[in-house]
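I have placed the structure first, in the form of structure tokens, so that the comments after it can refer back to it.
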Amino acid sequence: MSINFTTQSMKSCHQTRMIFLMSLRFYFALAMTLLIASCSAFEPIIITPIVTPATETPLPTATIDWFPPSATPTFQVFPTTTPPPDMRPGLGSIVVTDDFSDPTLWDVPKSNQARAIMEDNHLTLAAQSGVYMTSLRTDLLLKDHYAEITARPSLCRGEDSYGILVRASSVYYYRFGLSCNGTIYMDRLSAGTKLTMQKPIPSGDAPPGAPGEVRIGIWAVGSEMRFFLNDRYQFSIREPSYPSGTIGVFVTSSADTPVIVSFSDLTIQKVDYVLPTKTPLP
């Protein structure tokens, strides 16, 4: 009985030892497998060294010229033109100034149809529809001269007109007029008879209606008279009939309403000029 027990025990011990060894081999193999697997997960990193190229000599940087010299400009040459001739040659000193403060120097007629009033340094002429009215300076006798006067229409329309009388008397004169439709003209009157010397022509210097203001000028030398508005030449007339006379102003109403115009600041200058003589044709 004891021998069988011993043999049995020995077999059991041998089996146990075999199982242990097999287990030990299994775990050893497992450990080695895990170790190899873990080592393969961390592969060595190969560091490639950065190769620095050899230092090169930098190219020269271009210098920026912020203000380069510009080319010499070629100026365009414009043709020289001859200036227009002086249309008021020979002007001399002022011989008359009138601020319209002395009513005795002008005739100032009054009626139910027309009226002249001098006040506030203005000579104002008013005329009813269809009425023509003049006022003359009473103390002058002029030959060659240049006269200027300022006119201010306050009621004027259509063919109503006003202006200046030159080389005037009570029976004859030259009349330079401005119509309120923007035209200008010139007539010669003698004993109530009118002769048109310049038909109405448009002028940008004539006030188109009222209110307005214009500086009227007349250059009169010998048989030639030149008409100016605001220092700008308008036209010329050659007419030898009346070589001398006084100066005056006028208004005329051609519409169904009155015309009212004020005049002021009269100046008269001497003119020392001789008109050129035309060479007679052979």
Side-chain angles (χ1 to χ4, degrees), residues 83-92 94-96 98 123 125 132 134-137 140 142-153 156 159-169 172-190 194-209 212-252 254 259 261-276:
D86 182 7
M87 299 303 295
R88 291 173 292 191
L91 293 186
I94 295 176
V95 293
V96 175
D98 192 341
L123 175 61
L125 274 59
Y132 173 63
T134 66
S135 179
L136 300 178
R137 172 96 181 215
L140 296 177
L142 303 169
K143 291 188 66 176
D144 297 347
H145 67 282
Y146 177 70
E148 280 191 341
I149 195 169
T150 298
R152 295 180 179 87
C156 189
E159 294 184 357
D160 294 347
S161 62
Y162 57 94
I164 188 170
L165 307 178
V166 182
R167 293 177 173 173
S169 72
Y172 64 80
Y173 49 78
Y174 298 107
R175 179 174 70 185
F176 289 83
L178 298 84
S179 294
C180 293
N181 58 12
T183 60
I184 56 177
Y185 63 92
M186 185 268 192
D187 299 323
R188 187 191 73 186
L189 286 92
S190 177
K194 181 184 75 171
L195 176 62
T196 298
M197 308 297 295
Q198 172 61 63
K199 293 181 179 181
I201 56 175
S203 172
D205 293 300
E213 179 176 325
V214 61
R215 187 74 172 165
I216 304 171
I218 297 293
W219 183 90
V221 174
S223 62
E224 186 166 346
M225 290 163 284
R226 300 174 182 175
F227 189 29
F228 296 83
L229 295 178
N230 297 326
D231 290 327
R232 285 185 281 271
Y233 170 74
Q234 305 295 313
F235 61 79
S236 298
I237 294 294
R238 282 186 176 268
E239 165 55 43
S241 297
Y242 312 140
S244 63
T246 187
I247 198 165
V249 292
F250 77 92
V251 297
T252 180
S254 299
V259 58
V261 181
S262 296
F263 298 90
S264 63
D265 304 314
L266 171 66
T267 60
I268 300 175
Q269 294 175 251
K270 293 193 302 183
V271 176
D272 184 11
Y273 183 74
V274 178
L275 291 172

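Within the 3.5 Å criterion, the main-chain N or O of Arg232 finds no donor-acceptor partner in the side chain of Asp205. For the pair Ser169 (side chain) and Tyr172 (backbone), a donor-acceptor distance under 3.5 Å is present.
Heavy atoms of other residues, nucleotides or ligands lying less than 6.0 angstrom from CD of Glu159 number 12 at most. The environment of Asn230 atom CG is dense: over 12 non-hydrogen atoms of other residues, nucleotides or ligands sit within 6.0 angstrom.
The pair Asp98-Arg137 meets the salt-bridge criterion, with a side-chain N (NZ, NE, NH1 or NH2) lying under 4.0 Å from an Asp/Glu carboxylate O. Of the charged side-chain nitrogens involved, none lies within less than 4.0 Å of a carboxylate oxygen, so that Asp187 and Lys199 do not count as a salt-bridged pair.
The cationic group of Arg175 lies under 6.0 Å from the six-membered ring centre of Tyr132 and within 45° of the ring axis, placing it in a cation-pi geometry. Relative to the six-membered ring of Trp219, Arg88 misses at least one condition, a distance below 6.0 Å or an angle of at most 45° to the axis.
Between the side chains of Arg167 and Ser244, no donor-acceptor pair of N or O atoms lies under 3.5 Å.
By the 30° and 60° cut-offs, the orientation of the rings of Phe227 relative to Phe176 is tilted.
Residues satisfying the salt bridge (charged side-chain N to carboxylate O under 4.0 Å, His left out) criterion with Asp265, sequence neighbours excluded, are absent altogether.
In this structure, Leu136 and Ala168 approach most closely via the heavy-atom pair CD2-CB, 4.0 Å.
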Please report the C-alpha distance between Tyr174 and Ile218 in whole Å, then the side-chain angles of each, then the deciding distance to 0.1 Å, and finally whether the side-chain contact (heavy atoms from CB on, under 4.5 Å) criterion is met. CA-CA 11 Å; Tyr174 298 107; Ile218 297 293; over 6 Å; no
Stepwise side-chain contact (heavy atoms from CB on, under 4.5 Å) test for Glu239 and Glu224: CA-CA 6 Å; Glu239 165 55 43; Glu224 186 166 346; over 6 Å; no
Walk me through whether Val166 and His145 qualify under side-chain contact (heavy atoms from CB on, under 4.5 Å). CA-CA 10 Å; Val166 182; His145 67 282; 4.2 Å; yes
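Proximity of the aromatic rings of Tyr173 and Tyr242 is defined here by a centroid distance below 6.0 angstrom, and this criterion is not met.
The shortest side-chain heavy-atom distance between Leu125 and Val259 does not fall under the 4.5 Å cut-off.
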